[in-house]
2 protein chains.
Amino acid sequence: MAVNLRQLSALLGLSQTTVSRALNGYPEVNAETRKRVLAAVRETGYRPNRAAQRLATGRAYSIGLVMPIAAGMDSDIHFGEFLAGLAEEAVRHDFHFVINPAVPAEEEATFRRLAASGNVDALFIAYMRAQDPRIDILKSLSIPFIVHGRAIGGARDYPYIDIDNTGAFYDATRLLLQLGHRDFALINGPCDLTFAIRRKKGMERALGEAGILLDPALQEQSPMTDEHGYRAMQRFLSADRPPTAVLCSSTVLALGAVRAINQAGLVLGRDISLIAHDDVLPMLKPENFTVPLTTTRSSLRAAGTRVAQHLIGSVSRQQKTPIQELWKTELIVRASTGAAPARCARPVRSA
Amino acid sequence: MAVNLRQLSALLGLSQTTVSRALNGYPEVNAETRKRVLAAVRETGYRPNRAAQRLATGRAYSIGLVMPIAAGMDSDIHFGEFLAGLAEEAVRHDFHFVINPAVPAEEEATFRRLAASGNVDALFIAYMRAQDPRIDILKSLSIPFIVHGRAIGGARDYPYIDIDNTGAFYDATRLLLQLGHRDFALINGPCDLTFAIRRKKGMERALGEAGILLDPALQEQSPMTDEHGYRAMQRFLSADRPPTAVLCSSTVLALGAVRAINQAGLVLGRDISLIAHDDVLPMLKPENFTVPLTTTRSSLRAAGTRVAQHLIGSVSRQQKTPIQELWKTELIVRASTGAAPARCARPVRSA
DNA sequence: CCCCATTTTCAAAGCGCTTTGGTTGCCTCT
DNA sequence: AGAGGCAACCAAAGCGCTTTGAAAATGGGG
């Protein structure tokens, strides 16, 4: 059924060498000949045998990803969404991706083993922490890699794809300030991860410009689950001076936060405003909330796709463009944000 | 660094043939020799090159999974959890798994292509529907496969792993009946999927034994998201005769349902009882709910692991044990279930 | 003590691709 | 006219494993 290179070249009256070179874009092939080869490929449906290619080239045609095993990252829905994008792109190019779980202590060893094993020809890391040591390790290993997110401090010349977390929460906070809010709270992701650090920074910058300080008691830094959002919001609402404006690092957190808000008898968008970061999780759309959520949006799945594209590109062609992409987020206003309520009226919760 | 077969056999003073056979469990090798070989493997850390094995054997050492693209299955968190178990086991055995998205209309073609391509040597399917045609297709393709779930009707002699959905909801309903409940509601998964059909059947059987009919208006069949659970529960609570006992097919659905219950000012476990099926999603633990949830439990991740084990086993050894496993679920009682409230008192919602 | 059956080992031929190290024309330059 | 250069192609040698077909070692029976 499936033709192989020998049959294809026999069919064309060419040597395997020439056909192989025509297919792999080598220059020493006549343009006319190349056209004939490509036509024959289309007709026969020839697809190179990946196992043979792997054996001959030593390339694995697969990308590895070392997944930290730590609290809150385990089977995280956000990570799953990112992976979906990555997987889709990988399959399209007949690439595999191998997930390697590793505890932080063994991370470096895992990297080395993976790079040495030849089982993968590019690596990918995520969940960046400030001063993340993994970047230097990877740079020393001379294996292509890409980072989802960015470290804070340390080297800057490494390939990454990240979203503008600082800008996202800066803009969101600005919007809330313009609506008259003065009492803010933040429900953030784990405090060692750089996306969380940057979002907080963005928020504090905007607040600082308005001469406002973010109350440390009105901050939550935790894994991004529904439950954590709920608990944090409950705590905030029972504070001396409850917030009228809340930023959430995920719609999953917002899910719980909104639950707490409703339970307290407050009306979202009137008594309290909330903006969440939306990773475009198909299971949790901000517009499907009872009160549709105002969000800062950037598709996690799209990021996965982009990472895969780049990784695959850097393996297939030996293209040397160490990409650095910083995606802007969109600020989408829905019903969960409104003008700040008159402050004196709040404790009474008048209608 | 890494040794290959030639080096290993030279080291042992044996031929590659013998070493290879010793490693792959062929009978025509002296027991003593085999022991020496295995010792050498341990010392050198020899690992066979997968690409070479693939090329030589034609086996792909990878399992394929065709994922239906349809409403509600897209990036479903339940599916992700199952996959996590599968992936973990696959990595352990140096197997790949390839996810192939396909719309239902192209499903059969995708199967054929995949089976013919030689890119996978076993297939896996899930999201079983009643009379699912995919089983017959796979049986005709002479490629090992395994089903997560079971069809209803049609052939019975195919390998599957499933949980006892009927029994789970039968037991759960029985418990609620014993607690005095008479007004039931069901928030189920999509009505074409067999797990949902069986859960409903189990519930109806128990109710039938008590002479109770499940009100069609108090049923929801939908994708298992928080939002659907919320909406359904809201609808139920505004019915003429609202339920005092609710079964949910997922803790994700329960999340929304509980929100609606709280919002209505009802107390879970007192005014209304709820039992959810718990797939052991790390992000959503029933014991972390404000009122801990009574659940029927079975780990989706464990099922994924088991499926992978079997698939990998059936490829590595040519073991011919078409497994059929039906896992019992555990009924774990927590605080969300309680005695049925006195019926007349309910409309008033007295304390 | 030799022959045959059995056990244990081996050399060599692939699997389907890439790549090295040519060869063959043909054109230009001196 | 011959040297040199270049464009276009090719034969053959691997990559690291499995497996076929055959040979060597062993043992038992006549």
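Just the heavy atoms: all of them, side chains too, but no hydrogens, waters or symmetry mates, feed the values below. Sequence lines set the chain letters: A, B, ... in the order given, protein chains first and strands last, and positions in each chain run from 1.
- Look at B:Arg36 and B:Glu32 and you find no salt bridge, because none of the NZ, NE, NH1 or NH2 atoms lies under 4.0 Å from a carboxylate O.
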_Only Watson-Crick and G-U wobble pairs with both distances less than 3.5 Å should count. Give DNA chain C in dot-bracket notation, marking inter-strand partners with |._
||||||||||||||||||||||||||||||

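- Between B:Ser9 and B:Arg6, the closest heavy-atom pair is OG-O, 2.9 Å.
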*Under 4.0 Å protein heavy-atom contact, by nucleotide of nucleotides 14-24 of chain C - B base, S sugar-phosphate only*: BBBBBBBB---

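- The distance from the CZ atom of A:Phe124 to the NE2 atom of A:His310 is 13.0 Å, given to the nearest 0.5 Å.
- Side-chain contact, B:Thr18 with B:Ser15: a donor N or O sits under 3.5 Å from an acceptor N or O.
- For B:Tyr127 and B:Phe79, the gap between ring centers is short of 6.0 Å.
- For B:Phe97 and B:Phe95, the distance between ring centers is not under 6.0 angstrom.
- Looking at B:Ser299, its side chain never comes within 3.5 Å of a backbone N or O of B:Val280 through a donor-acceptor pair.
- Electrostatic pairing of B:Arg301 and B:Glu88 counts as a salt bridge here, judged by a charged N lying under 4.0 Å from a carboxylate O.
- B:His148 and B:Phe82 have parallel rings, their planes meeting at less than 30° on a 0 to 90° scale where 60° marks the start of perpendicular.
- Salt bridge annotation for A:Arg150-A:Asp162: present, with a cationic side-chain nitrogen under 4.0 angstrom from a carboxylate oxygen.
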Distances under 3.5 Å only, N/O to N/O: pair up the protein atoms with those of nucleotides 6-8 of chain D.
none

